[in-house]
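Okay, structure first, notes after.
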Amino acid sequence: MNVKREVVALLRGPHELLRERLTSPPSWPHFVVTLILPLIVIRPIADFLASVITGHPIAAMVLGTSGFVLQVGCLIGLALILPTVVRQFEGTLTETQSFLLATYASIPLWLAGCLYLAPDEILWLFIISRLAVVAAASYGVYLLHAGLEGLQVPSRHLVVGATVGGYVTLYLLLWGLFGVTSHIMLIFLRS
Amino acid sequence: MANLGESHPNAIGPHVDIIALGRRAIALVLADPLVHVGAGVLLVAGSMVSLTILTAPLLIGYIRLVRRAQAGESIDFQHLGLGFERPVAAILAWLVYLLAILVLMVAFVLPGVLLAIACMFAFWYLALTDDLAAQSLKNALALTLRAPGIVLVVALVTVLVNLLGLITFVGGLVTVPVSLTFLTLCFRELEPRARSSP
């Protein structure tokens, strides 16, 4: 498995790639090391660099670590939410399929993490970069739907809607808590 | 090398119909809205005035009030007092729960959030099965380990409903009793199923 090839395949033919991966899953360590890790660290590195460039090294460490934990938390959360929501609508999804689908649906958002390098001070650039992040997340929603279609899960629109609702709630909850904790930590470290 | 295809057959755990339980919770609150809304306000106000020390007894009182309503018995504000039958166990469980979350929050939030969700049903064990403080926390953790997906979804539904309620402020008057009733109904359905699942 190669990151570049997986990402290109996900853009060119998501249905084929998801069908192949969901029916014959790759090995755990290989999947985590070659696909998840390199992509999930993009946003933390972008957060880190953006703060270092603006001359805030302590904030860079706190934000970088928070960003990494936030992404991991959201991935685990999505992998847990998905089979439960599918079951609400009388479908079935194994733990493995759920984890794989959660990973592939998160890839566009992870890739969009590089947009966090855009400085917050330039308003138009900030707005455009965040809109691009939302667009990437929307492609993730499409991938989620495509994966569920391949697995012939019933009531796919409702499943995707409920899953996105749950994911956004989880993201906002974690993001809010990380914001508060990071501020407290920064005040403590600076003093 | 371990393959991703080797999934545990019971990994998803027991299941409850969240939509049906949500409808039942709304129906139960609407059957006696004055008592439910009033009790919800008393719970929140009592918690804030006592700096959350009385949160657990009041919460347990509310859970027992819902149990009475579910059984078709009459309910009143005074039933919040049912949570003060064993206040020490309730307050201790609350303090341990709160302290553990605060300590784990320091380790980049996620462990604290996981523990908060994993042990959230401890107060339902205290209220409905008369467990002791430590036992209630252990049982709540065991319940979550058996049904992690459904517990997470129930917690997120509760957070989402209350966020929507808080945005409108007045909506909180309805969403607090509805979500607590919903959690009570979920616990009463989920707990026996989780206990009997392998």
Side-chain angles (χ1 to χ4, degrees), chain A residues 21-32 62 65-70 72-74 76-90 92-100 103 158 162-163 165-170 172-182 184-185 188, chain B residues 1-23 101-118 120 144-164 166-167 179 186 189-190 193:
Chain A
R21 292 285 177 261
L22 291 169
T23 47
S24 54
S27 67
W28 270 108
H30 192 61
F31 186 70
V32 173
V62 173
T65 316
S66 299
F68 179 72
V69 182
L70 174 69
V72 171
C74 285
I76 296 169
L78 183 57
L80 281 172
I81 293 168
L82 203 47
T84 311
V85 173
V86 167
R87 213 164 160 188
Q88 290 295 316
F89 296 98
E90 325 230 315
T92 50
L93 196 69
T94 67
E95 193 185 36
T96 303
Q97 288 168 334
S98 165
F99 183 73
L100 283 166
T103 303
L158 292 172
T163 307
Y167 182 82
V168 171
T169 308
L170 179 68
L172 288 177
L173 179 71
L174 290 177
W175 180 75
L177 288 170
F178 273 118
V180 172
T181 317
S182 299
I184 293 169
M185 213 176 269
F188 178 73
Chain B
M1 196 179 277
N3 194 286
L4 276 173
E6 292 161 8
S7 184
H8 193 277
N10 297 311
I12 297 164
H15 164 77
V16 291
D17 189 342
I18 289 176
I19 297 164
L21 290 176
R23 283 188 185 138
I101 291 168
L102 285 175
V103 168
L104 288 176
M105 279 279 183
V106 177
F108 282 99
V109 178
L110 197 57
V113 173
L114 288 176
L115 187 83
I117 293 171
M120 71 175 186
T144 305
L145 291 175
R146 280 173 183 262
I150 195 79
V151 171
L152 176 64
V153 170
V154 166
L156 289 176
V157 168
T158 308
V159 170
L160 182 63
V161 166
N162 282 299
L163 276 178
L164 293 175
L166 281 175
I167 289 169
S179 56
C186 282
E189 291 256 332
L190 186 61
R193 292 181 193 183

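To find a chain, count down the sequence lines: A is the first, B the second, and so on, and within it residues start at 1. All values reported here derive from a predicted model rather than from experimental measurement.
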Side chain to side chain, B:L156 and A:I81, heavy atoms closer than 4.5 Å: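 The answer is yes; the side chains approach within 4.5 Å.
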
query: Can you tell if the side chain of A:L174 reaches within under 4.5 Å of the side chain of B:V113, non-hydrogen atoms only?
result: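 Yes - at least one pair of side-chain heavy atoms lies under 4.5 Å apart.
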
message: Restricting to non-hydrogen atoms, name the atom on B:L110 and the atom on A:F178 that form the minimum distance, rounded to 0.1 Å.
response: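 Taking every non-hydrogen atom into account, N-CZ, 4.5 Å.
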
Output the distance between atom [atom1] ([X]) and atom [atom2] ([Y]), rounded to the nearest 0.5 Å.
X	Y	atom1	atom2	result
A:F89	B:I19	CZ	CD1	4.5 Å
B:D17	A:E90	CG	CD	8.0 Å
B:I117	A:L170	CD1	CG	7.0 Å
A:T181	B:M105	OG1	CE	6.0 Å
B:L152	A:T169	CG	OG1	10.0 Å

field: Contact origin within A:F188 toward chain B - heavy atom pairs under 4.5 Å
entry: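 When you check distances to chain B, no heavy atom of A:F188 falls under 4.5 Å.
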
Contacting moiety of [X], where chain A heavy atoms sit under 4.5 Å:
X	value
B:V157	neither
B:V151	neither
B:L160	both

field: Working for side chain to side chain contact (heavy atoms under 4.5 Å, CB included), residues A:Q88 and B:I150
entry: CA-CA 10 Å; A:Q88 290 295 316; B:I150 195 79; 3.7 Å; yes

- prompt: If you count heavy-atom pairs under 4.5 Å between each of B:L163, B:V159, B:V153 and chain A, which one has the most?
  reply: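 Of the candidates given, the most pairs with chain A belong to B:V153.
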
